Amino acid sequence: MTRPQDQRPFRGTILVLDDEENMGKILTKVLTMEGYSVTAFTSPEAALKALEATPTDVVLSDIRMAEMNGRDVLARIREMGLPCEVIMMTAYGTIAGAIECVKLGALDYITKPFKTDEMLLTIARAFEHKRLKEMNSALSEAYNRGPQPAAASLKEERRLMGVSPAMDKAREMLKKVAPSDSPVLVTGESGTGKELAARAIHDLSPRKKGRFVAINCASIPENLLESELFGHERGAFTGADRTKIGLIELADGGTLFLDEMGELPLAMQAKLLRVLQEREITRVGGVAHIPVDLRVVSATNRDLRAAINDGTFREDLYYRLNVITIQMPPLRERREDIPIIAEQFLRHLALKYNRPGLRFSEPLTDCLRKASWRGNVRELRNLIERLVVLSDTDIITTEMLPEEFGASRRGSSSTVVTKLSLSAQAMVEEVPDFKTARDSFEREYLEALLRQFNGSVSEAARQAGMSRRNLYDKIEKLEIPLNDIKSSIGSQ
């Protein structure tokens with residue numbers, strides 16, 4: 001058995017069966033470099049004995065072999081009840097035989113001579129498929145037995161999909177930090193799964209029996225924020241006709257998740273800091289100090305260091321929240337995960353919309369893998385749902401992609417940047433002070449972005465990587481004529 005190289009994370013075990021010894025050697029070398037533990041055989045009988053004796057995740061078996069063909073090997077594996085996934089290897093002229101094997105229980109097939117990237121992607125899908133089957137089986141057993149401690153781990157693994165080193169690293173960090181009570185700051189771009197990471201920390205922690213309370217700091221109006229977080233006593237203000245328990249108090253014994261933490265107003269940051277220091281709250285209109293026992297996980301897509309320098313985020317609160325940092329990787333840094341995630345979304349959404357049999361064409365899968373995905377997993381899911389709903393055939397092709405997908409969207413961004421680079425050059429020639437230059441640049445950038453997206457604050461904010469609330473604040477501060485922009489666009 002050949003062990004994976006030390007610098008690669010261990011990904012699982014593979015058995016290669018091919019009566020051509022050189023093919024086994026080549027595959028062993030390639031797959032070992034990718035982090036798999038590989039055993040190669042030229043004899044089907046020897047391979048079957050090894051499978052019976054040693055747990056194996058994936059089998060790569062040739063179709064045509066002198067001693068026993070791949071179809072018979074597959075049948076023996078299924079008769080033995082082995083849980084491994086089987087991928088058939090075949091020359092172009094015997095594809096029909098490979099397809100027949102898929103109908104009999106093989107997961108997939110690859111054709112010789114195969115491209116390394118395609119082979120690795122097929123193997124990654126096999127590992128993901130095996131993992132999902134094991135989790136579904138375990139979750140079903142857990143449901144029948146009642147709640148079990150292992151269910152949380154399974155739920156976390158199911159949600160954070162992917163086989164890339166970047167996701168392996170993120171999952172490993174989540175498992176390491178979960179047992180402690182240390183505050184965690186989850187960073188990453190919008191749509192990378194920061195809330196899923198926070199839920200995973202809760203589900204894997206000793207607090208999993210308590211509540212997981214999520215608060216989007218940017219979505220609650222500032223005048224209601226204190227009451228929502230801390231609760232209020234009856235009669236505290238007009239309309240307070242009953243006592244209300246706040247979200248922080250609801251998280252007592254569990255986990256408090258503060259999403260978009262960078263959007264919290266300064267006054268509320270000071271009150272939250274006191275909660276973290278004193279471990280108690282006071283409801284609006286109340287005098288009693290109510291103790292709270294909770295763990296805080298926060299998330300942001302902003303640079304909090306820059307916000308501290310700008311005076312919009314408290315440095316002492318930053319250090320309270322940022323004991324442990326977990327970075328969620330964007331999709332563009334784990335492209336091998338994109339087809340796996342897309343396939344999972346497709347299966348789920350095809351079931352939801354009663355569209356069994358839907359599948360992606362190979363060019364579409366390739367297109368998904370190469371796209372920029374500024375909105376990350378959230379954008380990918382939205383696109384898959386659109387394709388499932390609008391598809392008229394069982395095969396989803398690139399022709400079904402929306403017009404704005406890909407090059408057109410990248411083109412719009414480059415147009416904005418080109419215009420701004422000229423403006424920046426002009427500003428440097430005039431040599432204004434830094435604040436004036438920055439405000440001027442921000443104003444031109446945001447005006448150009450708003451015009452590009454027809455005055456839509458939501459779309460402009462998404463493109464800029466900021467929250468709607470933050471963009472509205474910028475519009476007001478920089479006196480950007482939003483109504484004039486919308487009017488001028490409407491009159492065109």
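Counting from 1, the numbers follow the sequence of the chain as shown. Bear in mind that the values here come from a model prediction, so they are computed numbers and not experimental data.
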Is it true that [X] and [Y] make a salt bridge, defined as a side-chain N closer than 4.0 Å to a carboxylate O?
X      : Y      : result
Glu226 : Lys271 : yes
Glu195 : Arg199 : yes
Arg274 : Glu280 : yes
Glu385 : Arg381 : yes
Asp57  : Lys130 : yes
Arg320 : Asp316 : no

Note, [X] side chain near [Y] side chain (heavy atom, < 4.5 Å):
X      : Y      : result
Leu121 : Glu336 : no
Val377 : Met161 : no
Leu31  : Leu120 : yes
Leu368 : Ile338 : yes
Val163 : Asp337 : yes

Q.
With no hydrogens and no angle check, just 3.5 Å: does a side-chain donor-acceptor pair link Ser190 and Asn301?
A.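 The answer is no; no qualifying pair exists.
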In this structure, are over 12 heavy atoms from other groups packed under 6.0 Å from [X] atom [atom1]?
X      : atom1 : value
Arg234 : CZ    : no
Arg302 : CZ    : yes
Glu476 : CD    : no

Q.
Strictly by ring-ring contact (aromatic ring centres under 6.0 Å, His included), give each pair with a member in residues 225-247 just once, sequence neighbours left out.
A.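 Passing the test, one end in residues 225-247: His232-Phe237.
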Q: Among residues two or more places apart or on two chains, list those pairs meeting salt bridge (charged side-chain N to carboxylate O under 4.0 Å, His left out) that have a residue in residues 245-254.
A: Glu249-Arg283
